[in-house]
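What follows is a single structure, written as structure tokens, with notes after it.
Computed from a predicted model, the values in this text were never measured in an experiment.
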Amino acid sequence: MSKALEGIRILDFTHVQSGPTCTQLLAWFGADVIKVERAGEGDATRAQLRDIPEVDSLYFTMLNHNKRSMTLDTKQPAGKAVLETLIRDCDVLVENFAPGALDRMGFSWERISQLNPRMIVASVKGFGPGPYEDCKVYENVAQCAGGAAATTGFDDGPPVVTGAQIGDSGSGLHLALGIVTALFQRTATGRGQRVQIAMQDAVLNLCRVKLRDQQRLARNGVMEEYPQFATGQFGDSVPRAGNASGGGQPGWILKCKGWESDPNAYIYFIAQAAVWPAICRVIGREGWITDPAYATPRARLPHLMQIFATVEEWTKTLTKFEVMDILNRDDIPCGPILSMKELAEEPSLRATGTIVEVDHPERGPYLTVGNPIKLSDSPTVVRRSPLLGEHTEEVLGQLGYGDEEIAALRAGRVI
Ligand code: CAO
């Protein structure tokens with residue numbers, strides 16, 4: 001079966017997490033992704049958080065599937081010449097170097113588009129043009145600068161970053177969409193273009209509902225679905241909402257049986273208006289169905305936390321999976337807090353290819369997250385990440401380099 005991006009060649013100059021997330025997706029869709037790494041050391045993540053000495057870390061293997069790796073010193077003249085050949089040969093260059101690094105290497109957008117006018121040049125930086133444009137940025141910097149940390153956590157505590165890598169992987173997802181959109185436009189214009197993602201912008205895009213709330217707060221001074229509504233304590237910016245839902249239906253995380261010893265014995269419970277009578281029946285509070293203090297969503301708002309506490313008395317008597325089963329019989333939305341261990345062992349995620357076991361010549365089998373985007377005509381087969389420089393000679397051969405030229409590049413430590 002063909003692949004959606006078959007025939008597209010990517011010059012993958014990415015490292016760490018944001019850029020590699022993007023190029024891994026493109027590789028899963030069938031693009032030929034050539035990861036160009038520093039000779040000798042490669043992507044820094046190969047050696048970061050290692051669980052096995054001298055073996056590529058899971059950090060690296062889990063972000064670089066289905067790619068080829070070549071080493072190249074792009075600061076030597078002979079390396080620059082190889083890079084020029086690659087630029088002429090590829091459709092897309094993806095990079096997430098520090099600001100200005102590609103220019104310092106001698107490959108500005110103008111020069112790249114001179115070499116190959118059809119080339120799409122896609123970049124991740126921490127910030128867009130403005131006071132911070134020259135800063136180096138990692139995940140949590142973006143979470144803090146993009147509005148996520150200010151709005152995450154509890155009201156009486158400090159800002160909190162989230163485990164979901166919305167700064168890095170979130171930026172990579174945005175970048176991938178920008179690239180395929182530019183590829184689509186190229187079919188009509190014949191021209192390449194720049195695709196630029198600032199991590200701050202990507203996080204802010206994912207925090208869109210919080211900017212919604214900022215404007216609601218400015219207009220009305222309160223937000224009824226926030227836990228702060230009961231006490232009337234709002235400042236002038238969106239507060240941390242604890243586990244409030246962020247949507248139109250109030251929700252909270254409730255303890256389940258075993259919570260005293262199991263840190264994940266909890267369930268997310270949603271007091272959806274449409275199923276309020278069913279909720280009351282399940283927890284044995286039929287009186288609330290008609291009681292004017294509880295019968296309507298507006299009447300419930302001032303004492304939501306007391307309602308959640310009452311529901312919790314019921315959820316504490318059952319496991320999170322029992323609560324899930326019982327509530328879903330009545331279409332009451334809820335979500336068990338699944339630990340990473342439970343997710344790793346979940347058979348349905350294995351069956352869909354969302355969790356995949358991959359074999360690696362140096363580390364043996366390991367688990368990874370497969371392609372979460374399922375295309376019916378372009379199925380994903382997850383292949384292990386490449387060893388450093390595993391495909392250097394293969395790629396150079398395809399570019400027309402002969403054995404002697406390759407040997408000279410190796411002797412000069414260009415590759
Ligand atoms: N051959 C020769 N030199 C190479 C090379 C190669 N194949 N690949 C990279 N280099 C050079 C770069 O040209 C750069 O040199 P200069 O500093 O002389 O210009 C140097 O290696 C270091 O690159 P860098 O500054 O990008 O790397 P760093 O480790 O210092 O910074 C990071 C890492 C992530 C902070 C920075 O790249 C960055 O801010 N990127 C943009 C934002 C981003 O993607 N952040 C997410 C990272 S994931 O949390």
**Asked** Charged N to carboxylate O below 4.0 Å: is that the case for Arg413 and Asp73?
**Response** no
**Euclidean distance, Thr315 OG1 relative to Leu254 CG, rounded to 0.5 Å** = 4.5 Å
**Item:** Sub-4.5 Å side-chain heavy-atom contact between Phe107 and Thr74
**Value:** no
**Request:** Step through the shown structure and confirm whether more than 12 heavy atoms of other residues, nucleotides or ligands are within 6.0 Å of CG on Asp359.
**Result:** yes
**Item:** Polar side-chain atom of Gln24 near backbone of Thr21 as donor-acceptor pair, under 3.5 Å
**Value:** no
**Message:** Just by distance, no angles: are the side chains of Gln17 and Glu139 close enough, under 3.5 Å, to form a donor-acceptor pair?
**Reply:** no
**Asked** Thinking salt bridges, do Arg9 and Asp91 make one under a 4.0 Å N-O criterion?
**Response** no
**Prompt:** With a 3.5 Å cut-off and no angle check, do the side chains of Asn264 and Ser339 form a donor-acceptor pair?
**Reply:** no
**Asked** Is Phe234 atom CZ crowded by more than 12 heavy atoms from other residues, nucleotides or ligands, each under 6.0 Å away?
**Response** yes
**Prompt:** Can you name the closest pair of heavy atoms from Trp109 and Asp103 and give their distance?
**Reply:** N-OD1, 4.4 Å
**Request:** Check for a donor-acceptor pair, side chain of Gln214 on one end and backbone N or O of Asp236 on the other, with a separation under 3.5 Å.
**Result:** yes
**Request:** Check whether any side-chain N or O of Thr151 sits under 3.5 Å from a backbone N or O of Ala148 as a donor-acceptor pair, and report yes or no.
**Result:** yes
**Prompt:** With distance as the sole test, does Gln200 use its side chain to make a donor-acceptor pair with the main-chain N or O of Ala145 at under 3.5 Å?
**Reply:** yes
**Asked** Is Arg216 salt-bridged to Glu225, cutoff N-O under 4.0 Å?
**Response** yes
**Request:** Can you measure from CG (Asp43) to NE2 (His15) and round to the nearest 0.5 angstrom?
**Result:** 7.5 Å
**Message:** Just verifying a value: how many Å separate Glu95 CD and Leu11 CG, rounded to the nearest 0.5 Å?
**Reply:** 10.5 Å
**Request:** Take atom CD of Glu260 as the centre, draw a 6.0 Å sphere, and report whether it contains more than 12 heavy atoms from other residues, nucleotides or ligands.
**Result:** yes
**Asked** Is the His65 ring parallel, tilted or perpendicular to the Tyr366 ring (thresholds 30°, 60°)?
**Response** parallel
**Prompt:** So, Asn116 side chain and Asp89 main chain: donor-acceptor pair closer than 3.5 Å or not?
**Reply:** no
**Item:** Residues Asp330 and Arg281 bridged, charged N to O under 4.0 Å
**Value:** no
**Message:** Are the side chains of Val180 and Leu5 in contact, using a 4.5 Å heavy-atom criterion?
**Reply:** yes
**Request:** Apply salt bridge (Lys or Arg N to Asp or Glu O under 4.0 Å) to the pair Arg300 and Glu224, showing each step before the final yes or no.
**Result:** CA-CA 10 Å; Arg300 292 192 286 276; Glu224 293 172 336; over 6 Å; no
**Prompt:** For the side chain of His174 and the backbone of Asp201, is there at least one donor-acceptor N/O pair under 3.5 Å apart?
**Reply:** no
**Request:** Output yes when Asp291 and Arg285 qualify as a salt bridge under the 4.0 Å nitrogen-oxygen rule, no when they do not.
**Result:** no
**Pair Glu390 + Arg384: basic N to acidic O under 4.0 Å** = yes
**Asked** So, for Ser378 and Lys3, which heavy atoms are closest and what is the spacing to 0.1 Å?
**Response** OG-CA, 3.4 Å
**Gap separating the CG atom of Asn140 from the CE atom of Met199, nearest 0.5 angstrom** = 9.0 Å
**Request:** Mind listing the closest non-hydrogen atom pair of Ile87 and Ile112 along with its distance?
**Result:** CG2-CG2, 3.9 Å
**Message:** Would you say that more than 12 heavy atoms from the other residues, nucleotides or ligands in this model lie under 6.0 Å from the CZ of Arg88, or not?
**Reply:** yes
**Basic-acidic side-chain contact under 4.0 Å: Glu322, Lys257** = no
**Prompt:** What are the two closest non-hydrogen atoms of Val203 and Gly167, and how far apart are they?
**Reply:** CG2-CA, 3.7 Å
**Prompt:** Just by modelled atom types, is the Cys207 backbone N or O under 3.5 Å from a matching donor or acceptor in the Arg212 side chain?
**Reply:** no
**Asked** Among side-chain atoms of Thr352 and Lys374, is any donor-acceptor pair under 3.5 angstrom?
**Response** no
**Item:** Contact check, side chains of Glu342 and Phe321, non-hydrogen atoms, under 4.5 Å
**Value:** yes
**Inter-residue atom distance Lys320.NZ - Ile267.CD1, 0.5 Å rounding** = 9.0 Å
**Fill in**
Here the gap from Thr45 atom OG1 to Leu63 atom CG, rounded to the nearest 0.5 Å, amounts to 7.0 Å
